[in-house]
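Below, all heavy atoms of this structure are taken into account, side chains as well, without hydrogens, waters or symmetry copies.
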Amino acid sequence: MGKLVVAGIGPGSPGYVMPEVIKAMKESDLVIAARRILPMLEKICPEGVYVPMGKISETLTVIDANLNKQRNIVLVVSGDPLMYSLYRTIQQDPRSEDWEMDILPGIGSLQMLGAAIGQTMEDACILSVHGRNLAPGRIAREVAEHEKVFLLCSKDQGPAWLAEIMIDYGLAHVTMYAGSDLSYDTEQIVSGAPEKIMQMEFPSLVVAAIVNPRPRQLVRPKFLRDEDFERGRTPMTKEEIR
């Protein structure tokens, strides 16, 4: 069986593609990548044999078939494969249990934003609303409790949508940052209060950071176990129901 290399190419600019990724593409039998990044890959590595990525299920079938034919494959993903990327989906597919895999990490868009605004990430809460149904209340709670929250956004759930949540949940005092088209010539980074960000429009390739100068732990309900009560023979609703 061949080997699969899941390689992150960073935010999208050729300058952020690591030499090890280029080397892996040169030595592979097949490179699979999204159509929008194929032109860039073909330019920096003309020796590669490229196949455009289709639906995830179809792509995994193509990978499995080629690995069984002793072919080495590089699956190229944007950003970092270990940060809200396709690698988790691969792990969840039963066929991958038999695959030999290596991972080549890349520079993610959240790292790019953090560097641009001078904010470290080791103490940040990281969330994604890209392709995920994350409740506004959950986002507001994380912002209320953390000094920094970094978010991967989508076209419909972007910085303006996040700004509305901040205002609706009484968090208008935070400072918001939005970075779009990071590493491209059209890169744009803006900052301001939610009221300002809410009035702006952003492209689909956008990430955000929210800095709260006054984070605080919110009170959560505490559910007691049956043995925590002194009740004698008095009937009581069971722990599972409570």
Side-chain angles (χ1 to χ4, degrees), residues 8-13 15-16 34 36-37 77-86 88 105-222:
I9 59 163
S13 173
Y16 286 94
R36 67 178 179 84
I37 60 176
V77 297
S78 59
D80 185 349
L82 303 176
M83 180 62 70
Y84 291 105
S85 188
L86 190 58
R88 177 177 289 184
I107 299 173
S109 54
L110 296 184
Q111 292 171 281
M112 293 289 293
L113 179 61
I117 64 177
Q119 293 284 349
T120 59
M121 299 179 64
E122 67 268 14
D123 54 349
C125 172
I126 298 175
L127 301 173
S128 175
V129 295
H130 185 77
R132 288 170 170 79
N133 186 22
L134 205 60
R138 162 76 189 284
I139 297 172
R141 187 191 74 199
E142 299 295 357
V143 172
E145 294 188 335
H146 293 87
E147 181 182 353
K148 306 170 192 174
V149 176
F150 282 74
L151 299 106
L152 293 164
C153 301
S154 64
K155 183 177 181 180
D156 296 326
Q157 295 173 305
W161 176 77
L162 293 170
E164 289 186 32
I165 294 174
M166 297 301 99
I167 293 173
D168 290 344
Y169 282 83
L171 294 164
H173 63 280
V174 303
T175 300
M176 298 186 64
Y177 300 88
S180 56
D181 296 341
L182 296 175
S183 81
Y184 291 90
D185 294 337
T186 53
E187 176 181 297
Q188 184 180 19
I189 298 174
V190 298
S191 63
E195 185 177 0
K196 171 187 173 181
I197 302 297
M198 187 174 62
Q199 307 300 323
M200 303 179 70
E201 294 185 1
F202 298 90
S204 56
L205 295 176
V206 61
V207 292
I210 304 175
V211 177
N212 181 2
R214 301 191 300 272
R216 61 186 179 87
Q217 186 72 32
L218 299 180
V219 177
R220 289 181 173 82
K222 181 178 180 180

(request) Report yes if the side chains of Lys148 and Asp123 come closer than 4.5 Å at any heavy-atom pair, otherwise no. (result) yes
(message) Measuring only between side-chain heavy atoms, which start at C-beta, is His173 closer than 4.5 Å to Pro213?
(response) yes
(message) Could you report the tightest heavy-atom contact between Leu134 and Trp161, atom names first, then the distance?
(response) O-CH2, 4.0 Å
(request) Working to the nearest 0.5 Å, report the span between OH of Tyr169 and CZ of Arg141. (result) 11.0 Å
(request) Could you check if a side-chain atom of Tyr84 sits within less than 4.5 angstrom of a side-chain atom of His130, using non-hydrogen atoms only? (result) no
(request) Any chance you could measure Leu218, atom CG, to Glu142, atom CD, to the nearest 0.5 Å? (result) 9.5 Å
(request) Can you see which heavy atom on Val149 is nearest to which on His146, and at what distance? (result) CG2-CB, 4.1 Å
(request) With the side chain counted from C-beta on, respond yes when Leu182 and Ile189 share a heavy-atom pair under 4.5 Å apart, and no when they do not. (result) yes
(request) Walk me through it: do Met166 and Ile197 pass the test side-chain contact (heavy atoms from CB on, under 4.5 Å)? (result) CA-CA 11 Å; Met166 297 301 99; Ile197 302 297; over 6 Å; no
(message) Is any side-chain heavy atom of Leu171 closer than 4.5 Å to one of Pro194?
(response) no
(request) Calculate, to the nearest 0.5 Å, the distance between atoms CD and OG belonging to Glu201 and Ser180 respectively. (result) 12.0 Å
(request) Could you tell me which residues satisfy side-chain contact (heavy atoms from CB on, under 4.5 Å) with Ser13, sequence neighbours excluded, listed by chain and number? (result) Tyr16, Ser183
(request) State the OH-CD1 distance between Tyr177 and Ile210, to the nearest 0.5 angstrom. (result) 11.5 Å
(message) I want to check something: taking the side chain as every heavy atom from C-beta on, are Glu145 and Asn212 in contact at a cut-off of under 4.5 Å?
(response) no
(request) Kindly indicate whether the side chain of Pro159, heavy atoms from C-beta on, has any atom under 4.5 Å from the side chain of Val206. (result) yes
(message) For Ser109 versus Val207, what's the shortest heavy-atom pair and its separation?
(response) OG-CG1, 3.3 Å
(message) Nearest 0.5 Å, please: how far is CD in Glu147 from OG1 in Thr120?
(response) 8.0 Å
(request) Over all heavy atoms of both residues, which pair between Val77 and Ser85 is shortest? Give the atoms and the distance, please. (result) CG2-OG, 3.6 Å
(message) As a quick check of understanding, evaluate side-chain contact (heavy atoms from CB on, under 4.5 Å) for Gln188 and Asp181, giving each step before the final call.
(response) CA-CA 7 Å; Gln188 184 180 19; Asp181 296 341; over 6 Å; no
(message) Keeping Gln111 on the side-chain end and Gly108 on the backbone end, is there a donor-acceptor pair under 3.5 Å?
(response) yes
(message) To check you understand the geometry: which heavy-atom pair defines the closest contact between Leu151 and Leu110, and what is its length?
(response) O-CD2, 3.7 Å
(message) Less than 4.5 Å apart, side chain to side chain, heavy atoms only: is that true for Ser191 and Ile117?
(response) no
(message) For Ala172 versus Ala193, what's the shortest heavy-atom pair and its separation?
(response) O-CB, 4.5 Å
